[in-house]
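One structure is given here, and the rest of the page talks about it.
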Amino acid sequence: MRTRSHTAGQLREENTGETVQLCGWVHARREQSSDLVFIDLRDRYGITQLVFDSEDSGSALPPKAKELHLEDVIAIRGQVRARDKANTRFETGAVEVVVTELQVLSRTANPPLIPSDEKNLPSEEIRLKHRYLDLRRPKMQHILRTRHRVSKCARDYFDDHGFLEIETPNLTRSTPEGARDFLVPSRNQAGMWYALPQSPQLFKQILMVGGADRYLQICRCFRDEDPRADRQVEFTQIDCEMSFVDRKEVLAIMEGFARTLWNEILGVDLPEFDQITYQDAMDRFGIDRPDTRFALELVDVSDLCATTDFKVFTEALGKPRGVVKAICVPGGAAKLTRKITDGYSKFVQNFGAGGVPVTKVANGTLEAGIAKFVEPIAAQLIERLGAQDGDTILFGADTYSVATKALGELRQKVARDMDLIDESKWNFLWVVDFPMFEWDEETSRFYAMHHPFTAPADHELERFMGMDPSDTEGIESIVSDGYDMVCNGSEIGGGSIRIHQQDVQKKVFQLLGISEEEAKLKFSFLLDALGFGAPPHGGIAFGLDRLVMHLTGTDNIRDVIAFPKSLSGADLMCEAPNVVDDEQLTELHVKSTAKPSR
RNA sequence: GGGGCGGUAGCUCAAUUGGUUAGAGUUCCGGACUGUCUAUCCGGUGGUUGCGGGUUCGAGUCCCGUCCGCCUCGCCA
């Protein structure tokens with residue numbers, strides 16, 4: 001007995017009287033007496049109650065049932081019977097199966113994780129180590145199923161729109177820029193290395209040159225950087241690219257995908273996505289992926305504060321690109337205690353700011369905190385912020401980038417503290433008009449904000465091609481044709497219209513300080529391809545893991561990956577990474593320089 | 001690489017100011033009970049307090065080091 005006639009989620013009242021055969025795990029055991037035992041049988045499809053009853057079956061089955069442990073694997077034969085009182089927790093709750101035959105297919109040791117115990121979820125360390133037990137939990141089964149449905153929805157939607165699914169290599173070459181690569185030594189070519197792809201970016205562009213026209217791939221990407229709650233070293237993209245399109249057309253297709261997905265999985269009809277420019281997002285929200293489920297917008301009050309004698313403000317405004325910005329927190333006076341706002345000062349220090357000057361609105365003017373310093377501009381501040389009695393005003397004063405970033409992060413923290421986030425909302429938006437380049441202080445050079453293959457916006461092309469590499473202000477101001485899809489403050493997709501002209505691509509390399517020789521050495525395949533008739537093209541990559549996180553309501557990326565890695569990049573179940581034999585290393589022409597400590 | 005939190009029974013947690021034999025729930029083991037719903041009731045087993053040092057009459061508790069997990073800054077074109 002190792003096959004089944006039905007799954008554990010299948011039986012209904014109309015099956016009453018049928019003789020059935022079921023297989024699965026012992027989810028719960030309720031021993032009513034030595035002659036009456038209930039077992040909840042679980043498989044991927046659901047849970048069915050089994051009854052072992054000596055009166056009904058006339059057999060000695062109940063004593064055998066008593067020997068069953070949670071998570072034993074069993075097969076049973078029995079008769080479906082309607083129940084007097086249905087159990088509404090299970091889809092099969094209207095019936096039960098009176099067992100006449102029982103076979104234990106597999107015993108279990110005392111498990112460190114009990115899938116039916118929803119109250120005492122073991123530590124994540126144990127969940128990861130015994131992943132096969134964790135995956136049995138109904139919640140994890142739901143996530144796995146949702147992830148499958150998202151992949152299927154992507155394939156169906158893009159197939160409907162003419163996209164071809166095409167695979168690209170996982171063993172590829174390392175290219176400069178971007179994240180740290182995972183490397184694979186070559187056996188055949190001593191001293192040479194493959195790199196695992198950070199994304200199939202160049203391959204998908206070359207597929208466009210190859211005439212694929214519309215491409216889709218659900219592909220694994222690898223970036224050897226420290227993980228976060230929403231980031232893994234190994235993650236999955238829904239990667240798309242289209243030929244002969246402009247930004248408008250790409251956004252329409254991709255927005256259509258997100259809308260289809262949310263409808264398919266959640267039954268939610270999303271409204272048309274808002275668009276916001278990068279500059280606007282930074283000015284108003286202090287972040288390039290604003291969460292618009294709440295207001296608390298950043299307001300520039302530099303001009304007002306310049307007239308005060310408050311040293312924190314005047315010193316900030318004396319810096320290059322110095323600003324003073326403020327957030328008005330409605331009703332903050334009652335909830336944001338001195339202790340909390342002191343904590344905010346500490347919080348923003350994580351982002352390089354000195355602290356958070358605070359004041360409150362009362363009786364139509366400002367009181368407490370830095371009120372005495374801003375007294376002369378109190379009326380104007382209140383008016384510009386639209387503040388009312390009982391509000392708290394939080395300031396950020398520093399260079400534009402520091403003040404903006406600190407207040408942007410603070411804005412989100414305050415929203416959580418004040419419970420201002422409506423969790424039922426789905427606020428999607430496109431962030432557009434990113435800068436092409438970003439200055440890096442440490443290395444004193446420009447980097448591509450998105451990646452070096454992003455095209456300048458159409459109206460910028462002439463200015464871009466004439467740009468002098470020494471004109472840092474000019475370079476910084478060039479707007480690209482890149483875009484991000486943002487959902488509730490989380491970036492779920494990003495892409496751009498790509499460069500399809502060789503001379504434009506060469507100009508990007510020039511402005512990035514990549515010499516012609518280096519460009520030829522590292523990117524000749526791309527430059528060559530662009531020289532043989534490349535169609536205008538653009539695309540996007542969605543973070544599949546993050547989409548599933550949103551659709552299943554988890555804030556932990558490990559929950560949506562069957563076999564995820566810990567923060568140190570370890571697979572706690574199979575214990576990767578691990579040592580290898582010396583012979584393997586020799587064959588690969590590799591010698592470790594690690595100290596033999598462990 | 002930096003900052004923070006955590007590691008005590010198979011699992012989830014507790015243990016006062018450093019002080020008696022490290023407790024409870026659950027799993028597991030044994031028993032009672034014929035309609036349970038993660039059943040209930042009675043009894044029992046179960047501990048290298050992550051690991052290594054140190055301080056002390058005495059350390060789960062304090063100190064130093066180290067490993068692991070989580071959150072986070074840097075990083076993530």
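Protein chains get the first letters and strands the later ones, always in sequence-line order, with residue 1 at the start of each. Just so it is clear, the values below take in all heavy atoms, side chains as well, and ignore hydrogens, waters and symmetry mates.
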5'-most contact on RNA chain B (nearest-nucleotide basis), A/Leu36 vs A/Arg558, goes to A/Leu36
Result for 5'-nearest mapping on RNA chain B, choosing between A/Pro452 and A/Lys565, is A/Lys565
Sorted by chain and residue number, the side-chain hydrogen bond (donor to acceptor under 3.5 Å, both in side chains) partners of A/Gln349 (sequence neighbours excluded) come out as none
With sequence neighbours left out, the residues meeting side-chain hydrogen bond (donor to acceptor under 3.5 Å, both in side chains) with A/Arg546 are none
Under-4.0 Å side-chain N/O to phosphate OP1/OP2 contact, [X] with [N]:
X        : N      : value
A/Ser33  : B/rC33 : no
A/Arg30  : B/rU36 : no
A/Arg228 : B/rC70 : no
A/Ser54  : B/rU34 : no
A/Lys85  : B/rU36 : yes

Determine the Euclidean distance between corresponding [atom1] atoms of [M] and [N]; express it in Å to zero decimal places.
N      : M      : atom1 : answer
B/rC28 : B/rG74 : C1'   : 47 Å
B/rU61 : B/rU16 : P     : 12 Å
B/rG43 : B/rU27 : P     : 16 Å
B/rA59 : B/rG52 : P     : 15 Å
B/rA22 : B/rU66 : P     : 31 Å
B/rG23 : B/rA15 : P     : 14 Å
B/rG47 : B/rG60 : C1'   : 11 Å
B/rG6  : B/rG10 : P     : 22 Å

Which one, [options], comes nearest to the side chain of [X]?
X        : options                : result
A/Phe351 : B/rC28, B/rC73, B/rG69 : B/rC73
A/Phe38  : B/rG69, B/rU36, B/rU27 : B/rU36
A/Arg231 : B/rC28, B/rC37, B/rC75 : B/rC75

Flag side-chain contact, heavy atom, 4.5 Å: [X] against [Y]:
X        : Y        : result
A/Glu18  : A/Gln79  : no
A/Thr92  : A/Gln10  : no
A/Phe542 : A/Met254 : yes

Sorted by chain and residue number, the side-chain contact (heavy atoms from CB on, under 4.5 Å) partners of A/Ala397 (sequence neighbours excluded) come out as A/Val312, A/Phe313, A/Ala316, A/Val324
In whole angstrom, what separates [X]'s [atom1] from [N]'s [atom2]?
X        : N      : atom1 : atom2 : value
A/Ile39  : B/rU34 : CD1   : P     : 17 Å
A/Glu96  : B/rU34 : CD    : C1'   : 12 Å
A/Glu575 : B/rC67 : CD    : P     : 17 Å
A/Ile557 : B/rC76 : CD1   : C1'   : 12 Å
A/Gln349 : B/rG74 : CD    : P     : 15 Å
A/Asp35  : B/rC33 : CG    : P     : 9 Å

A/His451 versus A/Glu177, side-chain donor and acceptor atoms under 3.5 Å: no
Complementary nucleotide of [N], counting Watson-Crick and G-U pairs under 3.5 Å:
N      : answer
B/rG25 : B/rC11
B/rA39 : none
B/rC51 : B/rG65

Restricting to pairs with a member in [range], which pass salt bridge (charged side-chain N to carboxylate O under 4.0 Å, His left out), not counting sequence neighbours?
range                       : result
residues 475-486 of chain A : A/Arg247-A/Asp481
residues 497-506 of chain A : A/Glu241-A/Arg498
residues 32-51 of chain A   : A/Arg4-A/Asp43, A/Arg30-A/Asp40, A/Arg42-A/Glu71

Can you check nucleotides 10-14 of chain B for protein contacts, nitrogen or oxygen pairs under 3.5 Å, and list what you find?
residue : atom : partner  : partner atom : Å
B/rC11  : O4'  : A/Pro112 : O            : 3.4
B/rU12  : OP1  : A/Ser123 : N            : 2.6

Base of [N] paired with side chain of [X] (donor-acceptor, under 3.5 Å):
X        : N      : value
A/Glu31  : B/rC33 : yes
A/Glu125 : B/rG6  : no
A/Gln49  : B/rU36 : yes
A/Asp53  : B/rU34 : yes
A/Arg81  : B/rG35 : yes
A/Arg83  : B/rU36 : yes

_Does A/Arg231 qualify as a cation-pi partner of A/Phe235, given the criterion of NZ or CZ under 6.0 Å from the six-membered ring centre and within 45 degrees of its axis?_
no
Does A/Lys413 qualify as a cation-pi partner of A/Phe347, given the criterion of NZ or CZ under 6.0 Å from the six-membered ring centre and within 45 degrees of its axis? yes
Once you apply a heavy-atom cut-off of 4.0 Å, does A/His69 come out as touching a base, just sugar-phosphate, or nothing? sugar-phosphate
Sorted by chain and number, sequence neighbours left out, salt bridge (charged side-chain N to carboxylate O under 4.0 Å, His left out) with A/Asp53 holds for none
Quick note, side-chain hydrogen bond (donor to acceptor under 3.5 Å, both in side chains) partners involving residues 104-120 of chain A, not counting sequence neighbours, are A/Asp72-A/Arg107
Here the residues of residues 217-226 of chain A within 4.0 Å heavy-atom distance, strictly under, of RNA chain B are A/Arg223, A/Glu225, A/Asp226
Could you list the protein-to-nucleotides 42-46 of chain B atom pairs, N/O on both sides, closer than 3.5 Å?
none

Residues at least two apart in sequence or cross-chain that pass ring-ring contact (aromatic ring centres under 6.0 Å, His included) with A/Phe222, listed by chain then number, are none
